[in-house]
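Here the structure is laid out as structure tokens; the discussion comes afterwards.
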Number of protein chains: 2
Amino acid sequence: MRDSVDDILDQWARERPDLDATPIGVIGRMSRLARALEARLEPVYAEHGLEPGWHDLLATLRRQGPPFKLRPTDLTHSSMLTSSGTTKRLDKLEAAGLIAREPDPNDRRGTLIALTDKGRKLVDDVTGPHLANEARLLEPLSQAEREQLAGLLRKLNLGLPPL
Amino acid sequence: MRDSVDDILDQWARERPDLDATPIGVIGRMSRLARALEARLEPVYAEHGLEPGWHDLLATLRRQGPPFKLRPTDLTHSSMLTSSGTTKRLDKLEAAGLIAREPDPNDRRGTLIALTDKGRKLVDDVTGPHLANEARLLEPLSQAEREQLAGLLRKLNLGLPPL
DNA sequence: AGTACATATCTTCCTAGGAAGCAATATCCC
DNA sequence: GGGATATTGCTTCCTAGGAAGATATGTACT
């Protein structure tokens with residue numbers, strides 16, 4: 001079976017036979033696939049009233065375990081946002097009553113972000129359906145193929161050159 | 001070797017042992033990796049004065065072969081943008097003299113987007129270095145692993161449920 | 001031919017997030 | 001201890017792109 005990236009590779013082979021376009025078979029597919037997958041995660045978020053990106057942040061707090069607190073800096077790193085992006089996303093989540101800001105007792109510059117009870121309940125409600133949805137998206141692959149894919153992605157990730 | 005997603009999976013196993021979080025090992029890694037890879041493509045674009053996303057559009061025109069023309073609708077699909085996003089991106093590329101809009105002789109509603117000579121030269125200059133950069137990013141994987149990864153991504157892509 | 005519906009592109013309006021910069025506090029190093 | 005430097009979180013400003021809608025044209029069906 002061929003996909004649209006195979007067509008792209010054929011076009012390059014015809015138009016620029018001097019170039020080796022095969023990296024597109026990996027990187028091009030991954031860019032497109034990542035976006036296509038994310039688009040298929042959003043409906044489950046939306047069913048629970050979550051904007052895209054909110055679950056990622058709430059889940060990061062949730063999986064720390066009690067007391068479900070992190071500094072904004074930590075959330076910035078885990079969410080791959082900039083600090084200004086994190087501030088804005090936290091503003092929304094705070095306005096929705098899902099997180100609360102409190103002063104960091106160990107650093108008077110800092111703030112701690114805490115899951116509220118409401119946020120905790122919400123993330124606990126949505127994470128099950130969310131993971132079931134992700135599992136559904138992976139159904140085209142066998143269990144062995146999923147593990148193989150995860151392993152290749154890990155290897156590539158660990159070998160990434162610094163930016 | 002473990003990566004940061006392995007830590008995330010451990011956290012979920014501890015906090016929510018009732019859930020199967022393993023899909024994150026594929027989908028979470030892919031989302032993060034796709035963004036990390038894209039960030040590492042941008043410096044090469046920037047060296048040639050291209051904004052992110054411009055190369056994708058110019059390359060789509062280039063690999064069609066002569067006369068290097070497509071309708072905006074086609075570009076919308078290939079770039080995974082909406083039509084309004086495409087219009088704006090085309091505005092920028094037109095202002096930069098890299099593409100030209102001309103009336104579609106076969107459809108009076110339509111427009112054809114054509115690579116200008118300048119656009120053609122630019123995309124021909126940048127695609128080589130761009131592909132070399134992509135190849136560099138894939139160096140952590142052996143040739144066999146790259147093919148395996150491309151195959152798994154293709155399979156997953158082809159099996160994706162409709163949105 | 002004419003009516004209904006579909007499609008192509010662009011426009012308007014809006015928002016998420018980035019870049020740069022700021023004030024407060026912390027850390028380092030002599 | 002005290003001055004230089006780093007870090008924290010936020011603010012301001014800006015832009016890329018989405019959603020919804022408008023307009024013009026094409027297509028299908030009677």
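All chains are named by letter (A, B, ...) in the order of the sequence lines, taking the proteins before the strands, and each is independently numbered beginning at 1. Note that the structure is predicted; figures quoted are calculated from it, not measured.
When the P atom of C:dC10 is taken as reference, atom CZ of B:R71 falls 13 Å away, rounded to whole Å. Separating the CH2 atom of B:W54 from the C1' atom of D:dA16 is a distance of 12 Å, rounded to the nearest angstrom. Summarising the geometry, the separation between CG on B:L75 and P on D:dG17 is reported as 14 Å, rounded to the nearest angstrom. Rounded to whole angstrom, the span from the NE2 atom of B:H77 across to the C1' atom of C:dA8 amounts to 11 Å.
Among pairs with a residue in residues 105-115 of chain A, those fulfilling side-chain hydrogen bond (donor to acceptor under 3.5 Å, both in side chains) read A:D107-A:R109, at least two apart in sequence or across chains. Within the structure, ring-ring contact (aromatic ring centres under 6.0 Å, His included) pairs that include any residue of residues 66-108 of chain A do not occur (at least two apart or interchain). Residue pairs satisfying the salt bridge (charged side-chain N to carboxylate O under 4.0 Å, His left out) criterion with at least one member in residues 154-163 of chain A, sequence neighbours excluded, are listed as follows: A:R154-B:D6, A:K155-B:E145. Here ring-ring contact (aromatic ring centres under 6.0 Å, His included) pairs that include residues 138-163 of chain A, with residues two or more places apart or in two chains, number zero.
Under the salt bridge (charged side-chain N to carboxylate O under 4.0 Å, His left out) criterion, B:R63 pairs with no residue, sequence neighbours left out. B:D124 meets the side chain to side chain donor-acceptor pair (under 3.5 Å) test with A:R16, B:R62, B:R120; sequence neighbours excluded. Residues forming a salt bridge (charged side-chain N to carboxylate O under 4.0 Å, His left out) with B:D20 (at least two apart in sequence, or on another chain): none.
Taking Ile, Leu, Val, Met, Phe, Trp and Tyr as hydrophobic and joining them when side-chain heavy atoms fall under 4.5 Å apart, one finds A:I8 in a cluster with A:V5, A:L9, A:W12, A:L19, A:I24, B:L131. Hydrophobic cluster membership of B:M1, counting Ile, Leu, Val, Met, Phe, Trp and Tyr whose side-chain heavy atoms lie under 4.5 Å apart directly or via other members: A:L158.
Sorted by residue number, the members of residues 80-109 of chain A with any non-hydrogen atom under 4.0 Å from DNA chain D read A:S83, A:S84, A:T87, A:R101, A:R109. Within a heavy-atom distance below 4.0 Å of DNA chain D, no residue of residues 29-50 of chain B is found.
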Watson-Crick and G-U pairing of DNA chain D written in dot-bracket, each distance under 3.5 angstrom, with | for inter-strand partners: ||||||||||||||||||||||||||||||
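Ion pairing between a basic and an acidic side chain is recognised when a charged N comes within 4.0 Å of a carboxylate O; A:R2 and A:D7 show such pairing.
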